[in-house]
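Worksheet: the structure to be examined is printed underneath.
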Amino acid sequence: MAKAKPPTQLPLCERVSSKSIIRRTVDVTVLCLFLCLLSYRLHCLSSHGFTWLPLLAFLCESCFAFIWFLYLSTRWNPVEHKTYPENLLSRVNELPPVDMFVTTADPLLEPPLVTVNTVLSLLAVDYPEEKLACYVSDDGCSPFTFYSLVEASKFALLWVPFCKKYNVQVRAPFQYFSAAKPPPPDDHNLSGFKQEWIKMKDEYEQLCGKIENAAHDLILGSDSSEYADFKNIERNNHPSIVKVIWENKKDQSSSLPHLVYISREKRPNYPHHYKAGALNVLTRVSGVMTNAPFMLNVDCDMFANNPKIILHGVCLLVGIKDEQDCAFVQCLQMFYNVLKDDPFGNQMTVPLAIFKAGMNGIQGPPYAGTGCFHRRKTIYGIPPNHHDVHINDRRILEERFGKSTKFSESVVKILNGSGEKEEHFPCDISSTIESACRVADCAYENSTCWGKEVGLMYGSASEDILTGLRIHKMGWKSVLLIPNPPAFLGNAPPGGPVVMTQMKRWGTGLLEILFSKHFPIISVFTSQLHFRQALAYLSMLIWALRSIPEFVYVILPAYCIITNSHFLPKVEEPVVYIPVSLFLIHNLNALSQYLEYETQSDDDENDADKVGRFTFDESPMFVPDTALLMLHLTALAIWLLGLQPPARGGDGGSGLGEIAGSMWMVLSFWPFVKGLFGRGKYGIPLTTIFKSAALVLLFVQLCLRISTD
Ligand SMILES: O=c1ccn([C@@H]2O[C@H](COP(=O)(O)OP(=O)(O)O[C@H]3O[C@H](CO)[C@@H](O)[C@H](O)[C@H]3O)[C@@H](O)[C@H]2O)c(=O)[nH]1
Ligand SMILES: [Mn+2]
C-alpha cells in the first residue's frame with residue numbers, strides 16, 4: 001500500500017495547459033479569412049486601378065488583421081494555475097508574512113466606509129494574524145478616514161472572530177449584510193448563530209452611523225491628541241503622518257493583524273506621482289515596520305471576496321519552485337456591482353480572462369494595479385536568481401534606496417533572502433514610527449532610483465502596466481490567479497461619463513508607454529522580454545490607436561449609401577462569402593464565449609438594481625459616437641426615401657452589404673439610440689446632438705462633393 005505523502009510533499013499548485021482545439025481553429029480560420037479579404041482587396045486595387053475607397057478599406061482591414069494576429073499569438077497556449085491551499089494549512093509554521101496595502105485618495109469620491117469594508121475584509125482573511133499587516137495609504141489626508149479606521153478596528157475585534165467561528169464566506173460586512181440577503185434561518189446546529197448574527201449586524205450599523213456622523217460632527221472639534229496632526233493642514237501641503245491603529249502583540253488571546261494609517265508628506269512643489277508614489281511610500285514604510293517578503297496591494301474599493309485568498313497567493317509564491325517564475329501573482333479583476341449582462345461591455349471580463357490566461361502561458365499576466373501579490377525583492381528592482389548584489393556597500397544602497405539606515409537594513413534582509421521563514425513580525429512596530437515618517441517624506445526619493453529602477457514606475461498614467469512590463473523585461477515571470485470564489489471584487493463604474501473618462505486615462509497611459517523607451521518590440525532585443533510577450537504587450541499598448549481604423553471603417557457603409565457606391569463585394573459575387581463568414585464567425589465566437597462565461601458565473605443576486613442605463617453628460621467625448629450614430633441614421637433614411645444619387649462607374653451602387661453594415665452599426669449603438677430620446681442624465685444633451693448634427697451635415701456635403709467631382 002502506498003504511504004500517504006508527508007505534508008511537505010503535497011503540491012501547493014499545478015500548472016495546467018487549457019488550450020482548446022476549437023479556439024485555435026476559430027482563431028486561425030478568422031486570420032485566414034482576413035488574409036483572403038486582403039488579397040481580394042489587393043487584386044481589386046491592381047485590376048481596377050487606384051481608387052481611394054478600396055484603399056481605405058484595405059488599410060483598415062490590414063490593421064484589423066494585424067490586431068487579430070496579435071490576439072492569436074497571445075491566446076495560442078493559455079495556461080491556468082490550480083492552487084491547493086488545504087495543503088498549505090498543514091505547514092502553518094512555514095507560512096511567510098504578508099504585508100497588505102490599501103490605497104485611498106479622496107474621501108468624497110471614495111467614501112471612508114468603502115475603504116473600511118475593504119480593510120475589514122482583509123483583516124478577517126484566513127491566515128495567521130501575527131503574519132499579516134495592513135497598511136492604508138490616505139492621499140486625501142483626511143481625519144475622517146483615520147477616524148473611520150480607528151472605529152473599524154474596534155468593530156473588527158468582534159467581526160473577525162465571528163467570521164472565523166462561522167466560516168463566513170464574504171467578509172466585507174456591507175456585502176454580508178446587504179439588503180438583498182435575508183437574515184439566516186434558525187439553525188439548531190449552530191446554536192447561538194442567529195443571535196450573534198443580529199448583534200453583529202447591529203454593531204455594523206452603529207459603525208456606519210458613526211462614520212456617517214463623523215462628517216457632520218467634526219471630530220476635529222475634540223482636542224484629542226490623536227487628531228491634532230490633522231489640524232490646520234491642507235490636503236496637498238502637510239508633513240507625513242503615520243499612525244499605528246492596532247498593534248498585534250504576542251500576548252493577546254484574540255487579536256488582529258497590525259493596522260497602520262499613513263498619509264505621506266505632500267508639498268506644493270513636489271510631484272507626488274499619484275498611486276505609484278503612494279505604493280512606493282507603502283513599500284518603504286512597511287519595509288521599516290514589518291518587512292514581509294510578499295506584499296498584496298488592492299484599491300480601496302476592492303474587497304477580499306475569497307477568505308482564503310492569501311493562502312491561494314502564497315501557494316503560488318512559495319509553491320513555484322523557481323522564484324524566477326513567480327515575480328508577482330495577479331488576480332483577475334472582477335466587479336460586484338456589474339450590470340446584468342454587462343450591456344455596455346465595460347467590464348470586458350470574458351476577453352480579459354482569455355487574453356490574460358494566454359499571457360499566463362507566455363511570461364505571465366500584466367500587473368493590473370490591484371489584487372496583486374508582489375515579491376518585495378522584485379519591486380526593489382533585483383533581477384531573478386541574482387546573488388551577487390553588493391549588499392554591504394552602504395553608498396550603493398543609499399544611492400538606490402535613499403538615506404534611511406533603517407530602510408537600508410530592511411533591504412539587506414530581503415536581498416539576503418531572510419524574512420521568508422521568519423516566524424513572527426517584530427512586535428514593537430510603534431517604535432519605528434519615526435523612521436516610517438522619514439521614508440514617507442516627499443524629498444526622500446530625490447536622487448534615488450525610486451520610480452525608475454526601484455518600486456513602481458513613474459511616467460505613465462498606467463503605472464501598473466509599465467511596472468509589470470519592467471518586471472518582465474528583467475526576466476521575471478508572473479502568474480495569473482483565478483480562484484473560486486473570485487479573489488477580490490471591485491466597484492465598477494456604470495456605463496457613462498465615468499467609464500469614458502477612465503478609458504481615456506487608460507488609453508493615454510498605454511500610449512505613453514508605447515511611445516517611450518519601453519517600446520516592447522525593441523525590448524525583446526535589449527532585455528529578457530520574450531517575443532510573444534512583447535506582441536501581447538503591443539496589442540495592449542495600441543488599444544487606443546485601434547479606434548482610428550475602427551472609426552474610419554464604420555464610416556464607410558454610410559459614405560457608400562450616401563454616395564451610392566460600394567466597398568463590400570456585391571451579393572452575387574462569390575467573394576461576398578469572405579466578409580460574411582468573417583462577420584458570422586467573429587460574432588458567433590464572441591457569443592459563445594459570453595455564454596460560456598454566463599453559465600459559469602453563479603449569479604444569484606437580486607437583479608432589480610442591476611438593470612442600469614447608459615448615462616450622458618455634455619462632455620465632448622460623446623460627440624464622435626453620437627455623430628456616428630446620426631450619420632448612419634441619415635444614410636439609412638436617404639436609402640429608404642430613395643434619395644441616393646445615381647450610381648456612377650460600371651459596377652453599380654451601394655448594395656446589401658452596406659445597408660446591413662449600417663443597420664448593424666445602429667444596433668451596436670443601441671444605448672445611444674435610447675440616449676437620443678432619453679431625458680436628463682439618460683439623454684444625450686441637446687448641445688451634443690447639435691454639434692453632432694453639424695458634423696453629419698458637413699460630412700454629407702463633403703460626400704456629395706467628392707462623388708460629383
Ligand atoms: O493620487 C492618487 C491617485 C489614486 N490613488 C489610488 O489608486 C487607486 C486607483 O485609482 P482610481 O482613480 O480608482 O483608478 P481606477 O481607474 O479605478 O483604477 C484602475 O486603473 C489604475 C491604472 O490606471 C490601476 O492602478 C487600478 O488598480 C485600477 O483599478 C485607488 O485606490 C486610489 O485611491 C492614490 O492612492 N493616490
Ligand atoms: Mn477605482
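All values derive from a computational prediction rather than experimental measurement.
- Applying the salt bridge (Lys or Arg N to Asp or Glu O under 4.0 Å) test to Asp229 and every residue at least two apart in sequence or in another chain returns Lys243.
- In this structure, Ala276 and Leu456 approach most closely via the heavy-atom pair CB-CB, 4.0 Å.
- Of all the heavy atoms in Cys331 and Phe488, the pair that sits closest is SG-CE1, 3.9 Å.
- A 6.0 Å sphere centred on OH of Tyr274 holds no more than 12 heavy atoms belonging to other residues, nucleotides or ligands.
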Working for side-chain contact (heavy atoms from CB on, under 4.5 Å), residues Asn360 and His81:
CA-CA 9 Å; Asn360 198 32; His81 282 88; 3.2 Å; yes
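- Put simply, the side chain of Glu110 gets close to the backbone of Ala105: a donor and an acceptor are under 3.5 Å apart.
- Using a 3.5 Å distance cut-off with no hydrogens or angles, the side chains of His272 and Asp139 do not pair a donor with an acceptor.
- No donor-acceptor pair under 3.5 Å is formed between the side chain of Lys413 and the backbone N or O of Asn291.
- Heavy-atom minimum distance, Met474 versus Pro384: O-CD, 3.3 Å.
- Of the possible donor and acceptor atoms, one in the side chain of Ser460 sits under 3.5 Å from a partner among the backbone N and O of Gly509.
- Under the side-chain contact (heavy atoms from CB on, under 4.5 Å) rule, Pro111 has a single partner from Leu108, Thr115, Val114, Leu109, which is Val114.
- One finds the CE atom of Met100 at 5.0 Å from the CG atom of Leu122 (value rounded to the nearest 0.5 Å).
- Using a 30° and 60° split on the angle between ring planes, Phe230 and Tyr261 fall in the perpendicular class, above 60°.
- Here the closest non-hydrogen pair linking Ala156 and Pro161 is O-CD, 3.6 Å.
- Of the possible polar contacts, one joining the Ser516 side chain to the His518 backbone as a donor-acceptor pair under 3.5 Å is found.
- Looking at Val439 and Val281, their side chains never come closer than 4.5 Å, going by heavy atoms from C-beta outward.
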Show your reasoning for whether side-chain contact (heavy atoms from CB on, under 4.5 Å) applies to Leu415 and Ile382.
CA-CA 8 Å; Leu415 300 190; Ile382 310 296; 3.5 Å; yes
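- Classification of the Tyr176-Phe162 ring pair by plane angle, with boundaries at 30° and 60°, yields perpendicular.
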Does the side-chain contact (heavy atoms from CB on, under 4.5 Å) test come out yes or no for Gln169 and Asn167, once each step is laid out?
CA-CA 6 Å; Gln169 280 311 299; Asn167 196 18; 3.8 Å; yes
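- Between Lys377 and Glu323, at least one side-chain nitrogen of the basic residue sits less than 4.0 Å from a carboxylate oxygen of the acidic one, meeting the salt-bridge criterion.
- Within a 6.0 Å radius of CG in Asp322, more than 12 heavy atoms belonging to other residues, nucleotides or ligands are found.
- When only modelled atom types and interatomic distance are considered, Thr104 and Asp138 share no side-chain donor-acceptor pair under 3.5 Å.
- At distances below 3.5 Å, at least one donor-acceptor pair connects side-chain atoms of Arg376 with backbone N or O atoms of Thr283.
- Between Tyr380 and Trp450, the angle of the ring planes goes over 60°, which puts this pair in the perpendicular group of the 30/60° scheme.
- For the residue pair His273 and Tyr458, the shortest heavy atom distance occurs at CD2-CE1, 3.3 Å.
- Counting only heavy atoms from C-beta outward, the side chains of Pro307 and Val125 never approach each other to under 4.5 Å.
- Between Lys452 and Glu445, none of the side-chain N atoms (NZ, or NE/NH1/NH2) sits under 4.0 Å from a carboxylate O, so this pair counts as no salt bridge.
- A side-chain contact (heavy atoms from CB on, under 4.5 Å) with Phe174 holds for exactly one of Asn117, Leu120, Val116, Leu113; it is Asn117.
- Of the charged side-chain nitrogens involved, at least one lies within less than 4.0 Å of a carboxylate oxygen, so that Glu399 and Arg395 count as a salt-bridged pair.
- Using modelled atom types, one finds no donor on one side chain facing an acceptor on the other under 3.5 Å when comparing Tyr537 with Gln363.
- Between Glu196 and Lys165 there is a salt bridge, with a side-chain nitrogen of the basic residue lying less than 4.0 Å from a carboxylate oxygen of the acidic one.
- Using modelled atom types and a 3.5 Å distance limit, the side chains of Ser430 and Glu247 yield a donor-acceptor pair.
- No side-chain heavy atom of Val479 sits less than 4.5 Å from a side-chain heavy atom of Gln330.
- Remark: side-chain polar atoms of Thr83 are not paired, donor with acceptor, to backbone N or O of Cys13 under 3.5 angstrom.
- Among the candidates Asp299, Asp464, Thr370, Asn280, the single residue satisfying the side-chain hydrogen bond (donor to acceptor under 3.5 Å, both in side chains) test with Lys275 is Asp299.
- Residues Pro257 and Asn248 form no side-chain contact, since every pair of their non-hydrogen atoms from C-beta on lies 4.5 Å or further apart.
- In this structure Glu265 satisfies the salt bridge (Lys or Arg N to Asp or Glu O under 4.0 Å) test together with Arg267, sequence neighbours excluded.
- Here the side chain of Asp301 pairs no donor or acceptor atom with the backbone of Gly490 at under 3.5 angstrom.
- The closest side-chain heavy-atom distance from Thr103 to Leu282 is below 4.5 Å.
- In this structure, OH on Tyr336 lies 9.5 Å from CE on Met302, to the nearest 0.5 angstrom.
- At distances below 3.5 Å, not a single donor-acceptor pair connects side-chain atoms of Glu151 with backbone N or O atoms of Lys210.
- Looking at Ser240, its side chain does come within 3.5 Å of a backbone N or O of Cys437 through a donor-acceptor pair.
- One distance of note links CZ of Phe146 with OG of Ser263; it measures 11.0 Å at 0.5 Å rounding.
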For the pair Trp197 and Phe177, evaluate ring-ring contact (aromatic ring centres under 6.0 Å, His included) and give the outcome as yes or no after the intermediate values.
CA-CA 9 Å; Trp197 188 93; Phe177 296 120; 5.5 Å; yes
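- Across all their heavy atoms, Val98 and Tyr127 have their closest contact at CG2-OH, 4.2 Å.
- A 4.5 Å side-chain heavy-atom check between Met540 and Pro366 finds at least one atom pair inside the cut-off.
- Tested against Lys266 for a side-chain contact (heavy atoms from CB on, under 4.5 Å), the candidates Asn236, Asn237, Ile233 yield a single pass: Asn236.
- Inspection of the Asn297 and Tyr367 side chains reveals an N or O donor paired with an N or O acceptor under 3.5 Å.
- In this structure, the side chains of Pro107 and Phe144 stay at 4.5 Å or more apart for every pair of heavy atoms.
- Of the possible polar contacts, none joining the Trp159 side chain to the Tyr204 backbone as a donor-acceptor pair under 3.5 Å is found.
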Worked verdict on Asp126 versus Arg171 for salt bridge (Lys or Arg N to Asp or Glu O under 4.0 Å):
CA-CA 10 Å; Asp126 285 329; Arg171 298 184 183 182; 2.9 Å; yes
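- One distance of note links CD1 of Ile471 with CZ of Arg375; it measures 11.0 Å at 0.5 Å rounding.
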Test log, rule salt bridge (Lys or Arg N to Asp or Glu O under 4.0 Å), inputs Glu398 and Arg394
CA-CA 6 Å; Glu398 280 190 359; Arg394 258 197 86 143; 3.2 Å; yes
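- Using a 4.5 Å heavy-atom cutoff, the side chains of His258 and Glu129 are not in contact.
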